[in-house]
Amino acid sequence: MSTQVDTPAQSTRNETPSRWERTNKATVAMLGVTIALFAIFGLTAPNFLTFVNISNLATQVAITLIVAVAMTFVITTGQIDLSVGSTVAFVAAGTAELLQAGWDSSLVIIAGLLAGLVWGLVNGWLSAYQHIPSFIVTLASLSVIRGLAQLWTQGFSVPIDKRLFVAKIGDATWLGFSVLAWIALATVVLGAVLLSRMRFGSYVNGIGAQEESVRRAGVNTQRIKMITLMLTGLAAGAAGILTAARLGSGSSNSGQGFELTVIAAVVLGGTNLFGGRGTVVGTIIGAVIIGMIANGLTLLGVSPFLAPIITGLVLIAAIWINLRGRSLGDLVTHLTGRR
């Protein structure tokens, strides 16, 4: 009788998870939903598949996607940022006010980005270094930031001269797509590289999964968590500038409920709501699903009040899949005989 002994190479092969096992099952499921929605609206909604509408859909999704990419980092670390909608309003209103006061467009853009970054820094410092839960910090700053925007503008919408550079950004196109869509694409590429290819992304995932282990490895976890909230502040600042540019005005009422749309896009895509697993590709899918539902229902002539109801139902289903992604993946593996 002989005893078979596994060689180190065989043991490594046995312990290495397959590509399917490493795949984010929730993201795959939402990709299937995206394809299904695309097919349904393509068959039922007039003009849905036209280039003009696809370009319009990309523009509609762009601003949400810019902030959602940054929010992916925040949620992956186990935090949340509820203040992005208010930051968008603050920067949009500030952009219009400063332009009306005679500031050069380049200075206004820099000021808007810095304003968003500062609000993110405040949220991050209070949450990471003062150990106040990010939910509480950003819920409070949500009210403070929007209140300051309303105080600044007295609740009025401030118009932007169409001849100014900032206003032209909102109307500019390249290769048939708006500049907003191209900015969103650049943000996605940058976010994907940062999360999946850089050491910072490894720290972000590690903090969400096992923060204490990462801290004991010598990583300043407080600083990483603060930086992620600064990223959402910076992204919200950019979104505020682009919102003002697209609408041709700045209003303190901009971005109402925007934070929920952003969080929904991130969670829909398969990022773990409780941290430890983030995916920028999934965030793209989530943002497209939300934008596609609104766009398709509008083309079908459905009441715009129905869109948030359907989006909410899809979000509930997505969270269910998100929480049970591993068990669903095991079921698919069993049914298909994958190893």
Side-chain angles (χ1 to χ4, degrees), residues 64 66-94 114-152 200 203-215 219-240 252-268 271-278 283 286 308 312 315-316 318-319 322-323:
T64 298
I66 289 170
V67 183
V69 169
M71 186 69 78
T72 302
F73 288 83
V74 171
I75 293 179
T76 302
T77 59
Q79 302 180 101
I80 200 77
D81 189 349
L82 300 176
S83 67
V84 290
S86 295
T87 303
V88 167
F90 180 87
V91 174
L114 286 176
L117 191 64
V118 168
W119 284 121
L121 175 63
V122 171
N123 287 336
W125 182 77
L126 289 172
S127 178
Y129 287 95
Q130 300 306 308
H131 307 293
I132 305 174
S134 57
F135 177 86
I136 302 299
V137 170
T138 58
L139 183 64
S141 61
L142 174 154
S143 178
V144 171
I145 297 170
R146 190 173 293 278
L148 288 172
Q150 291 172 336
L151 184 64
W152 192 356
F200 178 78
Y203 293 158
V204 167
N205 281 288
I207 289 171
Q210 293 288 341
E211 181 175 354
E212 184 60 22
S213 298
V214 176
R215 187 187 66 79
V219 178
N220 188 334
T221 57
Q222 291 177 317
R223 183 173 62 187
I224 298 296
K225 292 171 74 173
M226 183 177 73
I227 290 174
T228 59
L229 284 166
M230 290 173 66
L231 287 177
T232 51
L234 179 63
S252 58
N253 294 317
S254 301
Q256 294 279 3
F258 180 69
E259 58 280 347
L260 301 181
T261 302
V262 169
I263 294 170
V266 176
V267 177
L268 274 172
T271 293
N272 194 322
L273 187 59
F274 305 104
R277 185 188 68 198
T283 297
L315 178 59
I316 292 173
I319 293 175
N322 192 307
L323 295 175

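Heavy-atom basis, side chains included; hydrogens, waters and symmetry copies ignored. By convention here, the first residue in the shown sequence is residue 1. Source: prediction; values computed, not measured.
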Please report, to 0.1 Å, the donor-acceptor pairs under 3.5 Å made by any side chain of residues 227-234, with sequence neighbours excluded.
{"from": "Thr228", "atom 1": "OG1", "to": "Gln79", "atom 2": "NE2", "distance (Å)": "3.1"}
{"from": "Thr228", "atom 1": "OG1", "to": "Lys225", "atom 2": "O", "distance (Å)": "2.6"}
{"from": "Thr232", "atom 1": "OG1", "to": "Asp81", "atom 2": "OD2", "distance (Å)": "2.7"}
{"from": "Thr232", "atom 1": "OG1", "to": "Leu229", "atom 2": "O", "distance (Å)": "2.8"}

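Partners of Ala115 under the side-chain contact (heavy atoms from CB on, under 4.5 Å) rule, at least two apart in sequence or in another chain, are Phe90, Val91. The side-chain contact (heavy atoms from CB on, under 4.5 Å) check on Gln210 picks up Ser213, with sequence neighbours excluded. With sequence neighbours excluded, the residues satisfying side-chain contact (heavy atoms from CB on, under 4.5 Å) with Leu151 are Gln154. Residues forming a salt bridge (Lys or Arg N to Asp or Glu O under 4.0 Å) with Arg223 (at least two apart in sequence, or on another chain): none.
Across Ala235 and Ala70, no two heavy atoms sit closer than the pair CB-CB, 3.7 Å. Heavy atoms only, all atoms of each residue included: Ser86 and Leu142 are closest at OG-O, 2.7 Å. A pairwise comparison of heavy atoms in Ala265 and Ala68 identifies CB-CB, 4.3 Å as the closest pair. Between Thr283 and Val69 the shortest heavy-atom distance is CG2-N, 4.1 Å.
Side-chain N or O atoms of Arg277 include none that pairs as donor or acceptor with a backbone N or O of Ala209 at under 3.5 Å. Checking side-chain atoms of Ser127 against main-chain N and O of Gly124 turns up no donor-acceptor pair under 3.5 Å.
Taken to the nearest 0.5 Å, the CD1 atom of Ile80 stands 11.5 Å off from the CG atom of Leu139. Between Thr87 atom OG1 and Arg146 atom CZ the span is 9.0 Å, to the nearest 0.5 Å. Annotation: the span from Trp125 atom CH2 to Met226 atom CE amounts to 10.5 Å, rounded to 0.5 Å. To the nearest 0.5 Å, the span separating CE on Met71 from OG1 on Thr271 amounts to 11.5 Å. Here the CD1-CZ distance, from Ile207 to Phe73, works out to 12.0 Å after rounding to the nearest 0.5 Å. In this structure, CD1 in Ile75 is found 5.5 Å from CD1 in Ile263, a value given to the nearest 0.5 Å.
A donor atom on one side chain and an acceptor atom on the other are not found under 3.5 Å apart for Thr64 and Thr261.
Here side chain to side chain donor-acceptor pair (under 3.5 Å) pairs that include residues 133-142, with residues two or more places apart or in two chains, are Asn123-Ser141.
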